[in-house]
2 protein chains.
Amino acid sequence: MRKLKESRRPEIIDAALAVAADRGLDALSMRAVAQRVGVTPMALYGYFRTKDELLEAVVGRLLEEIPPAPPGLGWREMLQHLAYGLRSVAGRYPAVLPVLLTRPAVSPGAIRVVDVVYRALLDAGVPHGQVARLERMFSTLAIGHILSEMSGRFGAGTLDPPARRAQLSPESLPGHHTLGAHLDQPVDWDDEFTANLRDMCDLAAALAAADTNPQATH
Amino acid sequence: MRKLKESRRPEIIDAALAVAADRGLDALSMRAVAQRVGVTPMALYGYFRTKDELLEAVVGRLLEEIPPAPPGLGWREMLQHLAYGLRSVAGRYPAVLPVLLTRPAVSPGAIRVVDVVYRALLDAGVPHGQVARLERMFSTLAIGHILSEMSGRFGAGTLDPPARRAQLSPESLPGHHTLGAHLDQPVDWDDEFTANLRDMCDLAAALAAADTNPQATH
DNA sequence: ACCTGAACACCGTTCAAGT
DNA sequence: ACCTGAACACCGTTCAAGT
C-alpha cells in the first residue's frame, strides 16, 4: 500500500492513449507504454499500482476529450451530443472500449459525464428514483453499441449472411425466413446509432409522462 | 488454410467451459484448456485455427445451454425467458461474457437465439424493417447489462459513492447534488434487469403501434 | 491422422539494488 | 525520490519431427 507518485501521471496516461491509438488493444501493454515514456516498465508501478489502475485513468482522460456541450441545448440534444462525442472519441482509441464497459466510473472525468446524463434526464422530467437506472441503461446501450460495431459483432463476419443461414434448415429459422430480404441489406451504423438514441430519448419521455399522469402508462 | 479435424471439438469446447467456470477469464488459456483435455497445447490447433475461433465455438455452446422456451408464451414472455436464461448461463461462465459482446453470432446456437428474438418482435408487430435493429438493441443492452453488472462497472467500486463524490466540488456536479440520497441506496440488479427488459418491450410495442397508426407517434 | 517438443516473441508483476 | 535489472510464472503461435 505504498503512496503513489503524481508528477508524471498525465505523461504516462498520454503515452497509453498514444499506444492504443496507433497499435491497438493487444499492443497496449505496460512494457509498450513504458517504452513510449522512455522508461523501464517497472517505473510505471510508482504511479499506478496495476495495469487496471492505469486503464481506469486512461478511460477518465478519454471521457475528458469529449467536447463540452454548447450552452442552451435541450435535454435530447445534450444526450445526442454526448453520445456522438463518445462515439468519435472511441473511434480514435478503440482499444480502450472494453475497459469503458467493465470498469466503474470512478475518475473525475467519468463522474462528470455521468452528471451530464443525470441533468438531461432530470430536465426530461424522469422521476428521481429512475434517473440512475436510466443513466446506466443509456450508457450500457451506447458503449455496448459502439463496442459491438467496432469489434465486428454486428457484421463483417467471415461468412455473408445468406450463405451462413443456408447452413441451417430454413424451417428451423422461421424468423429469418419471414424477414428474408430485409436481412441482406447493408446497414448504416451511423443511422442505427441515431435511431437507438432517439428510441432511448422517447423512452425517457414516456417515463416522465407516466410520472406526471399515471393513467397514461397504459 | 489446412482442413480442421472435427472428432474432438465438443470435448475441447467442454473443457474450455469448465476452465472458464472454475478459474475465470484470465485462466482461460489454450494451455489450460489443453491440460484439461489431457493433451499438448499444440494439439488444439488441429481443431481450431486460433484461440478466437475456439472462443466463438464456446459462445455458441453457451447459448445452446439456455433452456428452450415452453410453448405458448406471449412475445414479452419469450423475450424475458431468453434474457433471464442468458443471465443465468452467463452467471455460470462469466469469463465468456466479453466474447459474447465482441464476436458475431456465427455459430448455429447463436443464430437460433437471434431467431427467437426475431420471432418475438414480429409477434409484437414491429415493422419488418426495424426488427433486425431492435434485435441488436435488445441483445446489446442485455449482454452489456450482464457484463457491466458482473464485472463491477455498476458498483462495488473501491470508494463508496458519497466519499467518491466528495472529491469533486458539489456545485460542479448539479445532477448528483439534485439526486442526493437517491444515489446512496443499494440497487437490486435483478430488479433493474427486469425493469430494463420491461422498458425494451414497451419500446417494441410503441414501434408496433406507430406502424399501424402513424398519428400515434406523437 | 493425430500429436509432441522445442523455440520465439511476448506478457504483468515482485524484489532487491542503485543513484 | 525516482528508477533499473534480473527474475518468475505465465501467454499464443510456428515449425519440424515423431508415431
Side-chain angles (χ1 to χ4, degrees), chain A residues 1-59 94-99 102-103 151-152 158, chain B residues 1-59 94-99 102-103 151-152 158:
Chain A
M1 265 299 199
R2 283 192 45 258
K3 234 205 125 209
L4 294 174
K5 306 178 198 49
E6 289 291 337
S7 48
R8 305 182 70 185
R9 278 174 65 101
E11 192 186 342
I12 295 168
I13 297 170
D14 281 346
L17 276 175
V19 171
D22 58 51
R23 299 190 23 235
L25 174 64
D26 292 346
L28 185 47
S29 67
M30 295 301 266
R31 290 165 137 101
V33 173
Q35 194 181 28
R36 196 123 189 166
V37 176
V39 99
T40 279
M42 279 318 301
L44 302 183
Y45 289 84
Y47 298 90
F48 302 92
R49 249 174 298 258
T50 61
K51 185 188 183 184
D52 250 40
E53 237 176 55
L54 168 57
L55 289 177
E56 225 158 60
V58 166
V59 163
V96 187
L97 263 173
V99 185
T102 51
R103 310 260 76 214
S151 62
T158 43
Chain B
M1 263 301 194
R2 281 191 46 259
K3 235 205 123 208
L4 293 175
K5 307 178 198 51
E6 288 291 335
S7 50
R8 305 181 72 184
R9 278 175 64 103
E11 194 186 341
I12 296 168
I13 296 170
D14 281 345
L17 276 175
V19 171
D22 59 50
R23 298 184 32 230
L25 173 63
D26 293 346
L28 184 46
S29 65
M30 295 301 267
R31 289 165 137 100
V33 173
Q35 194 181 28
R36 198 122 190 166
V37 176
V39 99
T40 281
M42 278 319 302
L44 303 184
Y45 288 86
Y47 298 91
F48 302 92
R49 248 175 297 261
T50 61
K51 186 187 183 184
D52 250 40
E53 237 177 54
L54 169 56
L55 291 177
E56 227 159 61
V58 166
V59 163
V96 187
L97 264 174
V99 185
T102 51
R103 309 260 80 212
S151 62
T158 43

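Within every chain, numbering begins at 1; the chains are lettered A, B, ... in the order of the sequence lines, protein sequences first and strands thereafter. These numbers were taken from a predicted model, which means no experiment stands behind them.
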Reported [atom1]-to-[atom2] distance for the pair [X] and [Y], which is rounded to 0.5 angstrom:
X: B:Met42; Y: B:Arg31; atom1: CE; atom2: CZ; answer: 10.0 Å
X: B:Arg9; Y: B:Leu54; atom1: CZ; atom2: CG; answer: 8.5 Å
X: A:Leu97; Y: A:Thr102; atom1: CG; atom2: OG1; answer: 10.5 Å
X: B:Leu55; Y: B:Ile13; atom1: CG; atom2: CD1; answer: 10.5 Å
X: B:Asp52; Y: B:Arg103; atom1: CG; atom2: CZ; answer: 4.5 Å
X: B:Met30; Y: B:Phe48; atom1: CE; atom2: CZ; answer: 8.0 Å

(message) What's the gap between D:dC10 and C:dA9 when it is taken at their C1' atoms, as a whole Å value?
(response)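 Between the two C1' atoms, the distance is 13 Å.
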What is the distance from [atom1] of [X] to [atom2] of [N], rounded to the nearest Å?
X: A:Tyr45; N: D:dT4; atom1: OH; atom2: P; value: 14 Å
X: B:Lys5; N: C:dC3; atom1: NZ; atom2: C1'; value: 8 Å
X: A:Asp52; N: C:dT13; atom1: CG; atom2: C1'; value: 13 Å
X: B:Leu55; N: D:dT13; atom1: CG; atom2: C1'; value: 15 Å
X: A:Leu44; N: D:dT4; atom1: CG; atom2: C1'; value: 13 Å
X: B:Glu11; N: C:dC2; atom1: CD; atom2: C1'; value: 13 Å
X: B:Arg8; N: C:dA1; atom1: CZ; atom2: P; value: 17 Å
X: A:Arg49; N: C:dG12; atom1: CZ; atom2: P; value: 18 Å

State which of [options] makes the closest approach to the side chain of [X].
X: B:Tyr47; options: C:dT13, C:dT4, C:dC3; value: C:dC3
X: B:Met42; options: C:dT13, C:dC3, D:dT14; value: D:dT14
X: A:Ser7; options: C:dC2, C:dC3, D:dC2; value: D:dC2
X: A:Lys51; options: C:dG12, C:dT4, D:dT4; value: C:dG12
X: B:Ala43; options: C:dT4, D:dT13, C:dC2; value: C:dT4

(message) Are the side chains of B:Val19 and B:Gln35 in contact, using a 4.5 Å heavy-atom criterion?
(response) no
(message) Do A:Leu44 and A:Val33 make a side-chain contact, defined as non-hydrogen atoms from C-beta onward lying under 4.5 Å apart?
(response)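 Yes - at least one pair of side-chain heavy atoms lies under 4.5 Å apart.
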(message) Please identify which of these residues, B:Glu53, B:Glu11, B:Glu6, B:Lys5, meets the side chain to side chain contact (heavy atoms under 4.5 Å, CB included) condition with B:Tyr47.
(response) B:Lys5
(message) Let me check I have this right: for DNA chain C, each base becomes ., (, ), [, ] or |, based on Watson-Crick or G-U pairs with both distances under 3.5 Å. What is the full string?
(response) ||.|||||...|||||.||
(message) By the 4.0 Å heavy-atom rule, please label B:Phe48 as base, sugar-phosphate, or nothing.
(response) nothing
(request) Please work out which residues in residues 28-39 of chain A have a non-hydrogen atom less than 4.0 Å from an atom of DNA chain C and list them by number. (result)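 By residue number: A:Ser29, A:Met30, A:Arg31.
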(request) Inspect the surroundings of CG in B:Asp22 and state if more than 12 heavy atoms from other residues, nucleotides or ligands are less than 6.0 Å away. (result)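 Yes, because the 6.0 Å sphere around CG of B:Asp22 holds more than 12 heavy atoms from other groups.
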